[in-house]
Amino acid sequence: MRTSQYILATLKETPSDAEIVSHQLMLRAGMIRRVASGLYTWLPSGLRVLRKVENIVREEMDKSGAIEMLMPVIQPADLWEESGRWEQFGPELMRFTDRHNRTFALGPTHEEVITDFVRKEVSSYKQLPLTLYQVQTKVRDERRPRFGVMRAREFTMKDAYSFHLSEECLDATYQVMHKAYCNIFDRLGLDYRPVLADTGSIGGSVSHEFHVLAESGEDAIAFSDKSDYAANIEKAEALAPTEERPAAAKELKAFPTPDAKTIDELKKHYGVKPHRGVKTLIVYGTPDENGQRGLVALIVRGDHELNELKAEKHPLVDSPLEMANEADIIAAIGAKPGSLGPVGLTMPILVDRTANVMADFVAGANKDDEHYSGINWDRDVTEYEVADLRNIVEGDPSPCGNGTLHIKRGIEVGHIFQLGTKYSEALKAGVLNESGKNQIMTMGCYGIGVSRIVAAAIEQNNDQYGIIWPQPIAPFDLAIVPMNMHKSHRIPDIANNLYDSLKAAGLDVLFDDRKERPGVMFNDMELLGVPFTLVIGERNLDENMVELKNRRTGEKLMIDINTAVEAIKAAMNA
RNA sequence: CGGCGAUUAGCGCAGUUUGGUAGCGCACUUGGUUUGGGUCCAAGGGGUCGCAGGUUCAAAUCCUGCAUCGCCGACCA
């Protein structure tokens, strides 16, 4: 590609609405432009990267035995009603009606469509197992799109679905996919980790996420320093402390706290250390047969955070978790949030494992502007249940029993699930088994955020000058930057010849033939992140040499023009 | 969805307090100059100041409503 016939579209200045570095650099490097909130046009350079990621994903999926197909973005509402997700999915599902007033959705995922396809086309156990996939545009009406293509409303996803007769068979394919995903992220040249994950609204039992590690990541991941254990923080179990609860030493005593509504204020005004007090959070309980929801108190240590996923999985707690409003709290307890505690509560009380080993602790007195000190379990609060309710924190013991947990941030770029029969059951997708009986299929599903990978790769690979692409996904392998070509007699021929032979050697070459000053060209190539730049200048031509510069290391290599193609290939493989 | 903020040329911004017919830098066009790291000089093109109402002799500027965008939170995965 010649820059004179290309649309480079680089920017000197950073558009003000771009928050994270990948978004800024994608705009500045001329990869994307915003059309509306969460909607982007991919410019030629951006599309080149997207396609390279896509192709690596495709190659590894094919290698794993999955078969590519393509389903429509537009999906009929009927299928979603059949699975129950028309109601359940919420406003994130973009819905519309056609001219005949029939209702449709823009696909945020394709479990319904693929299950519908397979139930119609597959009828015998002999056709199983079967793994189908597509690379396709997904639509999710995100409440708050942000970070450019990282969390967009329209994005490219590879989604795969597998169908089985048994859990064992599903598990085998799941392992194959896990491996295929590792191969993909290895080939992409990214620093990533597979982690245990929650299954969320997609449903199912076993699940792993694949995270690209980056400070800007929206997820927190917990790692053991002594084992392979890694889990999304929302999933990581906080083990019960090994130490025994100390014996009660103090009397229960109320004290006035008019200036303290929060743990911080309790510390500031009354010297109560956060780990010596507990937080009491009031949430709604599971509805009774009349649909009425009572209240449930959740207790965690003052310096810990409630893990909402863990809480809402408890049978007493309504899901999704909802914090009780102030009016309901006052009606039930007689005190406002800020002075709540477990002593004297009549509602069910769930106590986090760590809070349960506290003695002589502080909490609200369930009376405005008053707290208790010297609270002790079993003596002052007798009816309660112990559960894992909190987020793990740095330094907690690993749930695998080996090592200590450390927390890093990650960007979720892949997610695999063992779905079980959630969708096949709902859509009655069965096959005849060996004994001629109809049997519901067991499913797995496997997603990769292709467009998100592009942004995640930049988060991990950039410097003050711009993007530094991992070679396999760079928009171009090499840029040819001739010095003052338009004034030189010999440079145009040499540059053109090298351009032709490098292209013939199968490389993606960007030939900067603009009539620009060297600095402009160098800066643009560095911003775009092209891994190698071949500088052709009068200075070295007398020795028949050109200069090969490595974007990542900054290393400059003088190579002979006559063996340039070989030298460049060698450098790329180094 | 709640809180906060923004909206003036393709991009980044000033001008709004104190109303008087819109400006700077980058980018773009033309000519010259320069040429191994975003040259310099000159001349140009480009804006119903987010939209709609209102106040006023006069509105980018004051008032009301709306829209869009962003940040924080909640939500979602």
Side-chain angles (χ1 to χ4, degrees), chain A residues 7-20 23-24 27-28 30 33-39 85 88-94 108-109 111 138-148 150-153 155 157 159 197-204 207-211 217-219 232 234-235 306 308-309 312 319-323 325 410-417 445 447-449 452 464-466 481-488 491 512 514-527 533-541 545-547 549 554 556 558:
Chain A
I7 178 145
L8 211 46
T10 52
L11 301 174
K12 263 191 195 175
E13 282 165 306
T14 304
S16 60
D17 57 356
E19 174 92 351
I20 60 170
H23 189 194
Q24 294 172 351
L27 290 165
R28 286 193 54 210
R33 289 291 184 265
R34 195 182 66 86
V35 175
S37 176
L39 301 173
R85 287 209 291 184
Q88 191 199 342
F89 213 91
E92 208 156 301
L93 184 64
M94 192 90 87
T109 175
E111 281 81 9
K138 296 283 185 275
V139 179
R140 292 183 190 175
D141 192 2
E142 290 283 347
R143 192 173 288 203
R144 190 178 156 205
R146 61 186 133 170
F147 304 149
M150 193 79 87
R151 183 172 287 274
R153 292 198 288 176
F155 56 99
M157 181 169 170
D159 47 325
D198 187 73
T199 50
S201 75
I202 301 279
S207 174
H208 286 82
E209 289 168 350
F210 289 76
H211 282 264
E218 292 189 89
D219 289 88
N232 194 308
E234 64 187 24
K235 173 82 175 176
L306 177 72
E308 299 191 5
L309 269 165
E312 72 188 24
S319 178
L321 182 112
E322 193 183 339
M323 303 296 283
N325 66 40
I411 300 165
E412 183 190 342
V413 288
H415 202 162
I416 58 178
F417 303 79
C445 85
I448 287 185
R452 183 181 277 186
Q464 57 177 309
Y465 303 109
V481 177
M483 300 291 96
N484 307 309
M485 182 164 71
H486 302 272
K487 287 283 174 65
S488 163
I491 290 177
D512 200 344
R514 292 176 296 173
K515 198 175 173 180
E516 283 289 355
R517 293 172 59 83
V520 174
M521 297 195 275
F522 286 135
N523 280 310
D524 275 346
M525 294 310 116
E526 279 160 16
L527 177 57
T533 301
L534 191 63
V535 185
I536 305 175
E538 288 287 346
R539 198 197 269 175
N540 299 312
L541 279 185
M545 301 294 260
V546 288
E547 182 185 297
K549 190 173 171 189
K556 293 173 183 172
M558 297 304 292

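Quick note on labels: first sequence line is chain A, next is B, and so on, each numbered from 1.
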Here the distance between atom P of B/A77 and atom CD of A/E111, to the nearest Å, is 12 Å
With a 3.5 Å distance limit and no angle check, can you tell me whether A/Q24 reaches the backbone of A/A18 through a side-chain donor-acceptor pair? yes
For A/K549 and A/V481, run side-chain contact (heavy atoms from CB on, under 4.5 Å): C-alpha distance rounded to whole Å, both residues' side-chain angles, the deciding distance at 0.1 Å, then the answer. CA-CA 11 Å; A/K549 190 173 171 189; A/V481 177; over 6 Å; no
Closest non-hydrogen atom pair between A/E218 and A/R151, with its separation: OE2-NE, 3.1 Å
For A/N484, which residues count as a side chain to side chain donor-acceptor pair (under 3.5 Å) partner, sequence neighbours excluded? none
Can you see which heavy atom on A/S37 is nearest to which on A/P145, and at what distance? OG-CG, 3.5 Å
Whole-Å C1' distance, B/C49 and B/G19: 14 Å
So, is A/S16 close to the B/C13 phosphate, meaning a side-chain N or O under 4.0 Å from OP1 or OP2? yes
Atom-to-atom span, CD of A/E13 to P of B/C24 - whole angstrom: 16 Å
Searching all strands shown, indicate the nucleotide that pairs with B/U61 (Watson-Crick or G-U wobble; both distances under 3.5 Å). none
Given atom CD of A/E312 and atom C1' of B/C76, what is their separation to the nearest angstrom? 11 Å
Whole-Å P distance, B/U8 and B/U61: 14 Å
Any-strand Watson-Crick or G-U partner of B/U34, both distances under 3.5 Å: none
Expressed as a whole number of Å, how far does the P atom of B/C4 sit from that of B/A43? 48 Å
Which atom names give the shortest non-hydrogen contact between A/R140 and A/P108, and what distance separates them? NH2-O, 2.9 Å
Any side-chain to backbone donor/acceptor pair from A/T10 onto A/R28? Under 3.5 Å, distance only. no
Please report the distance, rounded to the nearest Å, between NE2 in A/H486 and C1' in B/G32. 18 Å
Partner of B/A14 by Watson-Crick or G-U wobble geometry, both contacts under 3.5 Å, or none? none
Gap in Å between the two C1' atoms, one belonging to B/G15 and one to B/C62, rounded: 16 Å
Ion pair A/E538/A/K487, N-O distance below 4.0 Å: no
Which part of the nucleic acid does A/D219 contact within heavy-atom distance under 4.0 Å: base, sugar-phosphate only, or nothing? base
Taking every non-hydrogen atom, the tightest pair across A/I491 and A/M483: CD1-O, 3.3 Å
Note: A/P482 and A/M521 closest approach over all heavy atoms is O-CE, 3.2 Å
When both distances are under 3.5 Å in a Watson-Crick or G-U wobble arrangement, the nucleotide paired with B/A6 is B/U68
Round to the nearest Å and state the distance from A/D17 atom CG to B/A6 atom C1'. 11 Å
Using the C1' atoms only, state how far B/U18 lies from B/A59, rounded to an integer number of Å. 14 Å
Would one find a side-chain N or O of A/T14 under 4.0 angstrom from OP1 or OP2 of B/G12? no
Closest to the 5' end of RNA chain B, once A/E142 and A/R153 are matched to their nearest nucleotides, is A/R153
Please report, rounded to the nearest Å, how far the P atom of B/G70 is from the CD1 atom of A/I20. 13 Å
Suppose you measure atom C1' in B/A58 against the same atom in B/U39; what distance do you get, rounded to whole Å? 46 Å
Assigned partner base of B/U56, Watson-Crick or wobble definition, under 3.5 Å: none
Kindly give the heavy-atom pair with the smallest separation between A/D141 and A/P91, and that separation in Å. CB-O, 3.6 Å
Under a 3.5 Å cut-off for both contacts, is B/G46 paired Watson-Crick or G-U wobble with anything, and if yes, with which nucleotide? none
Just by modelled atom types, is the A/V413 backbone N or O under 3.5 Å from a matching donor or acceptor in the A/R452 side chain? no
Answer for the Watson-Crick or wobble partner of B/A27, both distances under 3.5 Å, is none
When you compare B/G12 with B/G38, how far apart are their C1' atoms, in angstrom units rounded to a whole number? 16 Å
Scan nucleotides 72-74 of chain B against the protein and return all N/O pairs shorter than 3.5 Å with their distances rounded to 0.1 Å.
| unit_1 | atom_1 | unit_2 | atom_2 | d |
| --- | --- | --- | --- | --- |
| B/C72 | OP2 | A/R144 | NH2 | 2.3 |

Checking all strands, does A/R151 fall into the base, sugar-phosphate, or nothing category for heavy-atom contacts under 4.0 angstrom? base
In whole angstrom, what separates A/E92's CD from B/C76's P? 9 Å
Can you check each nucleotide of nucleotides 34-42 of chain B against protein heavy atoms at under 4.0 Å and return B for base, S for sugar-phosphate only, - for none, in 5' to 3' order? BBBBBB---
Write down the distance separating the P atoms in B/A9 and B/G50, rounded off to the nearest Å. 8 Å
Spacing between A/I7 atom CD1 and B/C28 atom P, to the nearest angstrom: 12 Å
